[in-house]
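A quick write-up on the structure given underneath.
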Amino acid sequence: MHTVEMFSIVEMNRLPRLSALALHRLIPLGSPPPFLAQTHSAAENEPLIETFTQLCRDGPLSEAMSALDALDSRNLRAADHADYLHLVKLCLSAGDEAAGRRVHRHLTSGGHRPMLFLLNSLLGMYVRLGLMDDARQLFDALPLRNVVSWTTMISALIDLGLGGEALELFVFMRREGIQPNMFTFSSVIRACGTVRTLQAIHCSIVKCGLDSDVFVRSSLIDAYFRCGDLDSGYQVFDEFITLDLVVWNAVIGGFAQSSSGCKALELFVQMKRSGFLANQATLTSALRACTGMVLLEMGQQVHVHVLKYRTDLILNNALLDMYCKCGSLEEANFIFQRMLEKDVISWSTMISGLAQNGQSLEALKLFKLMKAEGPKPNYITIVGVLFACSHAGLVDDGLFYFRSMKKLFGIEPGNEHYGCIVDLFGRAGKLDAALSFIHQMEYKPDAIIWRTFLGACRVHKCSELAGYAAQEVLKLVPGDEGTYILLSNIYADAKQWSDVEQVRKVMRGRGVRKEPGRSWMEVGKKTHVFIAGDFSHPQMESISKELESLVCRVSSMGYVPDTEFVLHDFGREQKEESLRYHSEKMAIAFGMMYSMEGKSIRIMKNLRICGDCHAFAKLVSKAEGKVIVIRDPVRFHHFCNGACSCGDYW
DNA sequence: ATAGGGTTAG
């Protein structure tokens, strides 16, 4: 029955080349080579073979290849197959394509027919050298294919991101009657893009009795998480009686990448309690969970464990990102400076991190340094650079990098780059330029482009263009909550109350609800959450008092509640009341009550900060001599001594 | 003998 399932996975009309394989052409393997004129005696050949054997094991590759030439000149083949396996390994570690192909020719020329496992090892070599054409040719020409040949090809396709073709190959393999084993399944699972496909494969695995293999398990767990089926992923994890470290890593990694960072960290703690020693992969996932939830203190705790692996590049990159995303640039810089090895990800992370934290000029400086002494920038690096330009209002620089990225770095501009340029024009108030840019882009503008433009309309209070942009977003993403809210905000700004009401009516009609503003912060190893207009926090009474006295103190410095940011057409008092209990104001008050001398207050927000709270935070930072850091979904605001790192430009 | 899983930047 599962076979039927499997076949439905692929479109049967797109068959790969190997379907042309004629089974009757199959030649038995390992048959002796045809007779050739013997020009040398066995005694004369002996030393050549011995030298060859030695060199294949100890290298260097160049000398081993000379020994191979010597064998070739007498049409000799080493009797010990292991010699060739060693030689293939030498070619691989030297990354020498020519030598690899030469070994291939040696093995198949002169009428010799090498054993299948030797051909498989050549296949693996081509794959690892990135020579897919050679691999494909060899695979198609194989006189016989066993489960290893198929598995090698399948996993190669997956690594190239060709999951669909890998699945097709899997179907063909089964059709040729080859039984998949745990090696095959642990690979093929990675090719599953949907829960349905995954379930079909999972079903086969159970039927083959291979579901207890750790590799298969960890692969399954990871895949369920990737496809968004957290429950099944966790179930596979849970059924495991005897854990192996990697299984922990798969499930922690899975939760860390979904939005369940909490669960990931919970498991991380549980894993440590069970006596497992976290390795690089575990710690990287744990850091990612901290990054996702912006938990600086938890991240710092994980950092302690990282010290053991202080040279691990991936881990250092994750650490770097964690500090950037948690708004702690001093620590990020510290890590970056002392990393012995930095790759393109390290540089890109730091550049974006600086830009997201309002230090665009520093970001561009670092980019210059990268060009001088770092690795070659890639697609993502340029996204960070353009982000820096748009957020600092550097229109000319941004346009320069955008226009010359192809020539300078060989990178074709993609969606994200176009988005940055729309943002670049939009933020700078050049709404017309942004719009005509959108209209003449090579890409069909997607929802993100239009949302970016809509955001610019909000900043520059342009309600006419906003209506148009919102329409375009809703065409692409019907019922998009954020768009309705942004639009109603813009109309409220412009005091077009009837339009506000109109939007709200549509929202009600479609069942779209406004997500309440939410802020959270870590205090005393606990995460405290504040929701706009919600008074359920146990210390609400003292928070309210603190807030009142803060408002009083900053009022003497000129703070006037800016009720423009209240959406409803309330009376003034009602507006001030609703403004006072914005979630970030409550969080600021709470932070003032509990923050330690000399430490900054760090607040996370689910929505963009409103103008009134922004002004309030600036004044509090001055009045109280406190650094306040607020992270919204896109960037950080560092409030210090009455000013914000965003330069009031967000 | 040849093939496998979990980890980083927008």
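The chains referred to below are lettered A, B, ... by the order of the sequence lines, with proteins before strands, and numbering in each begins at 1.
Residue A:Arg190 places at least one side-chain N or O closer than 4.0 Å to OP1 or OP2 of B:dG5.
Candidate nucleotides B:dG10, B:dT2, B:dG4 were compared by shortest atom distance to the side chain of A:Ser121, and B:dT2 ranks first. Side chain of A:Val216, nearest nucleotide from B:dG5, B:dG4, B:dG10: B:dG4. Distance from the side chain of A:Phe215 is smallest for B:dG5 among the nucleotides B:dA9, B:dG5, B:dT2. Closest approach to the A:Asp343 side chain among B:dT2, B:dT8, B:dA9 is made by B:dT8 (side chain taken as heavy atoms from C-beta onward).
Separating the CG atom of A:Asp159 from the C1' atom of B:dG5 is a distance of 12 Å, rounded to the nearest angstrom. Going from atom CD1 of A:Ile154 over to atom C1' of B:dT2 covers 15 Å, rounded to whole Å. Note: CD1 (A:Ile178) to C1' (B:dA3) measures 14 Å, nearest angstrom. The CD1-P distance, from A:Ile205 to B:dG5, rounds to 13 Å in whole Å. Rounded to whole angstrom, the span from the CZ atom of A:Phe139 across to the P atom of B:dT2 amounts to 19 Å. Rounded to whole Å, atom C1' of B:dG10 lies 19 Å from atom CH2 of A:Trp347. Rounded to whole Å, atom P of B:dT7 lies 15 Å from atom CZ of A:Phe268. Here the C1' atom of nucleotide B:dG10 and the CG atom of A:Asp423 are 13 Å apart, to the nearest Å.
The stretch residues 280-291 of chain A comes close to DNA chain B through A:Gln280, A:Ala281, A:Thr284, A:Ser285, A:Arg288, each having a heavy atom under 4.0 Å from the strand. Applying a 4.0 Å cut-off to non-hydrogen atoms, the residues of residues 305-328 of chain A that approach DNA chain B are A:Ile314, A:Asn317, A:Asp321, A:Lys325, listed by residue number.
Between the side chain of A:Thr197 and the main chain of A:Gly193, no donor-acceptor pair closer than 3.5 Å is present.
Residue-level contact check: A:Phe387 touches neither bases nor backbone, having no heavy atom under 4.0 Å from any strand. Residue A:Arg226 is out of contact with every strand shown, counting any heavy-atom pair closer than 4.0 Å. Nucleic acid contact for A:Ser186: base, since at least one base atom lies under 4.0 Å from a heavy atom of the residue.
Classification of the A:Tyr418-A:Phe402 ring pair by plane angle, with boundaries at 30° and 60°, yields perpendicular. Classification of the A:Phe367-A:Phe409 ring pair by plane angle, with boundaries at 30° and 60°, yields perpendicular. Between A:His391 and A:Phe387, the ring planes are parallel. Angles under 30° get that label, and only those over 60° would be called perpendicular. Relative orientation of the A:Phe336 and A:Trp347 rings is perpendicular, given thresholds of 30° and 60° on the angle between their planes.
One finds no salt bridge joining A:Asp96 and A:Arg102 here, because no Lys/Arg side-chain nitrogen approaches an Asp/Glu carboxylate oxygen to under 4.0 Å.
Residues A:Cys56 and A:Tyr84 fail the side-chain proximity criterion, which asks for heavy atoms closer than 4.5 Å. Within the 4.5 Å cutoff, the side chain of A:Met182 has no heavy atoms near those of the A:Arg217 side chain.
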Original post:
Going through the distances and angles, do A:Asn317 and A:Asp343 end up as a side-chain hydrogen bond (donor to acceptor under 3.5 Å, both in side chains)?
Top reply: CA-CA 9 Å; A:Asn317 284 344; A:Asp343 65 1; 3.3 Å; yes
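For A:Ser219 against B:dG5, a side-chain-to-base donor-acceptor contact under 3.5 Å is absent. On a pure distance criterion of 3.5 Å, no polar donor-acceptor pair joins the side chain of A:Ser187 and the base of B:dG4. Scanning atom types as modelled, no donor and acceptor separated by under 3.5 angstrom connect the side chain of A:Asn181 and the base of B:dG4. Side-chain atoms of A:Asn146 stay outside donor-acceptor range of the base of B:dA3, with no qualifying N/O pair under 3.5 Å.
Qualifying ring-ring contact (aromatic ring centres under 6.0 Å, His included) partners for A:Phe183, counting only residues two or more places apart in sequence or in other chains: none.
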